[in-house]
Amino acid sequence: MNPAHPLDRPVWSALNTRVVPFAIRRAQDGGSAVRLDPDVGVFVAAADDTPASRGLLDALCREYPGAGLVEPEGEPIAAVLPDVPVISRASCVQMTAAALTASHDGDLDILTLGETDADEMLALATLTRPGPFRRGTLRLGGFIGVRREGRLIAMAGERMKVEGYSELSGVCTHPDFRGQGLAGVLSRTVVSRILARGEQAFLHAYAEHTATVAFYEGLGFSVRARMTYTVLA
């Protein structure tokens, strides 16, 4: 199960390279498993599908409930975990971008978000559900947002990072302010910063959310692979 490309198993790749400071690791009897700090996110991964690694992954999921797996479609390792019930599985697309399309977006007063914004960021993500988000997710870096009358109404940032790639994530807009192009401007800003570092951007979107997929295609993303997102009890 060792990935031929770092994005084949993005959680495992990230938590063993650029996101190591946020990793909780277990290793024994030749097996290995790792989990993102629960204050920061939900993701977990195993080195391979050997009994030793599966047992360690199982133990991590029981020790820190509410984990999530992102694995290539057809290979959800959750299917072989003996003691952790599966809540749901969803088909996702993994998309990448090496360049952005031309933009006609107007100027926007974009703010850097930090710890003082954490509660509002969590509230906005809880309302809009852009994907797994925790109060400490902002520690992964690069979060920006827009305020109106002192109220956080839109945001976007970065999440998993592997060699040569950083993930656009947490893109959301309050329902009262949709249709104003905020998500597009914020997404372009985050991706521009990733590209300026000499990296490519990637993201994950639910495959059934065709409008969301089309939105990202309009920015310059294309589908690289199909993935399965599994939510564990």
Side-chain angles (χ1 to χ4, degrees), residues 1-96 129-137 139-141 158-170 200 202-208 223-233:
M1 290 182 63
N2 290 326
H5 187 285
L7 291 183
D8 290 347
R9 302 190 63 224
V11 175
W12 175 258
S13 298
L15 292 177
N16 281 279
T17 56
R18 298 176 62 195
V19 191
V20 164
F22 303 103
I24 299 172
R25 187 176 312 281
R26 298 289 184 270
Q28 187 176 346
D29 299 329
S32 181
V34 65
R35 195 204 196 283
L36 186 61
D37 181 336
D39 292 333
V40 176
V42 304
F43 297 111
V44 66
D48 47 46
D49 60 359
T50 62
S53 292
R54 293 202 310 265
L56 292 167
L57 181 64
D58 185 275
L60 268 178
C61 291
R62 286 184 283 112
E63 185 176 357
Y64 301 100
L69 288 159
V70 178
E71 298 286 342
E73 190 171 69
E75 300 180 13
I77 197 171
V80 295
L81 292 181
D83 299 322
V84 182
V86 171
I87 294 177
S88 65
R89 282 199 182 97
S91 178
C92 296
V93 290
Q94 182 185 84
M95 308 180 74
T96 59
R129 301 176 66 184
F133 195 91
R134 296 292 181 267
R135 191 184 188 282
T137 300
R139 294 164 57 197
L140 294 171
E158 299 180 30
R159 189 170 60 187
M160 292 290 98
K161 297 177 174 65
V162 305
E163 294 303 325
Y165 296 83
S166 289
E167 183 183 22
L168 170 66
S169 186
Q200 292 188 39
F202 77 103
L203 60 84
H204 295 94
Y206 291 114
E208 64 180 17
V223 174
R224 177 187 177 271
R226 296 188 70 89
M227 313 292 283
T228 298
Y229 175 49
T230 305
V231 179
L232 304 170

Apply side chain to side chain contact (heavy atoms under 4.5 Å, CB included) to Val11 and Val44, showing your working.
-> CA-CA 7 Å; Val11 175; Val44 66; 5.9 Å; no

Trace of the side chain to side chain contact (heavy atoms under 4.5 Å, CB included) decision for Arg224 with His5 = CA-CA 11 Å; Arg224 177 187 177 271; His5 187 285; 3.3 Å; yes

Check the pair Glu63, Arg26 against salt bridge (Lys or Arg N to Asp or Glu O under 4.0 Å), reporting the backbone distance first and the verdict last.
-> CA-CA 11 Å; Glu63 185 176 357; Arg26 298 289 184 270; 3.1 Å; yes

Worked check of side chain to side chain contact (heavy atoms under 4.5 Å, CB included) between Arg134 and Val40 = CA-CA 6 Å; Arg134 296 292 181 267; Val40 176; 5.9 Å; no

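For the pair Thr17 and Val162, the tightest heavy-atom approach, listed with the atom from each and the gap, is OG1-CA, 4.1 Å. For Tyr165 against Arg18, the heavy-atom pair with the smallest separation is O-NH1, 3.0 Å. Minimum heavy-atom separation, Asp37 to Ile24: CA-CD1, 4.1 Å. Across Val42 and Gly66, no two heavy atoms sit closer than the pair CB-O, 3.6 Å. Ala67 and Arg35 get closest at one heavy-atom pair: CA-NH2, 3.7 Å. Shown here for Pro72 and Arg9, the closest heavy-atom pair between the two residues is CD-CG, 4.3 Å.
We find that Arg54 and Asp83 are not joined by a salt bridge, their nearest charged nitrogen and carboxylate oxygen being 4.0 Å or further apart. Using a 4.0 Å cut-off between a side-chain N of Lys or Arg and a carboxylate O of Asp or Glu, Asp58 and Arg62 qualify as a salt bridge.
By the 4.5 Å heavy-atom criterion applied to side chains, Glu158 and Leu140 are not counted as neighbours. You'll find the side chain of Met160 reaches within 4.5 Å of the side chain of Leu36, heavy atoms only. The side-chain heavy atoms of Ile87 and Leu232, taken from C-beta on, include no pair separated by under 4.5 Å. For the pair Gln94/Pro10, a side-chain contact is recorded, criterion being any heavy-atom separation below 4.5 Å from C-beta on.
Looking only at distances, no side-chain donor or acceptor of Asp29 sits under 3.5 Å from a matching main-chain atom of Gly31. Listed for the Asp39 side chain is no donor-acceptor partner under 3.5 Å among the backbone atoms of Gly136. At least one donor-acceptor pair closer than 3.5 Å links the side chain of Ser53 to the backbone N or O of Ser32.
The aromatic rings of Tyr206 and Tyr229 are tilted relative to each other, their planes meeting at an angle between 30° and 60°.
For Gln28, the side chain to side chain contact (heavy atoms under 4.5 Å, CB included) partners are Leu56, not counting sequence neighbours. Contacts of Val20 classified as side chain to side chain contact (heavy atoms under 4.5 Å, CB included), with partners at least two apart in sequence or in another chain: Arg25.
Residue Glu75 holds its CD atom at 12.5 Å from CG of Leu69, rounded to the nearest 0.5 Å. Rounded to the nearest 0.5 angstrom, Asp48 CG and Leu57 CG are separated by 10.5 Å. Rounded to the nearest 0.5 angstrom, Ser13 OG and Lys161 NZ are separated by 14.5 Å. The CZ atom of Arg159 sits 14.0 Å away from atom CZ of Phe22, with the distance rounded to the nearest 0.5 Å.
Of the N and O atoms on the side chains of Glu71 and Thr230, not one donor lies less than 3.5 Å from an acceptor on the other residue.
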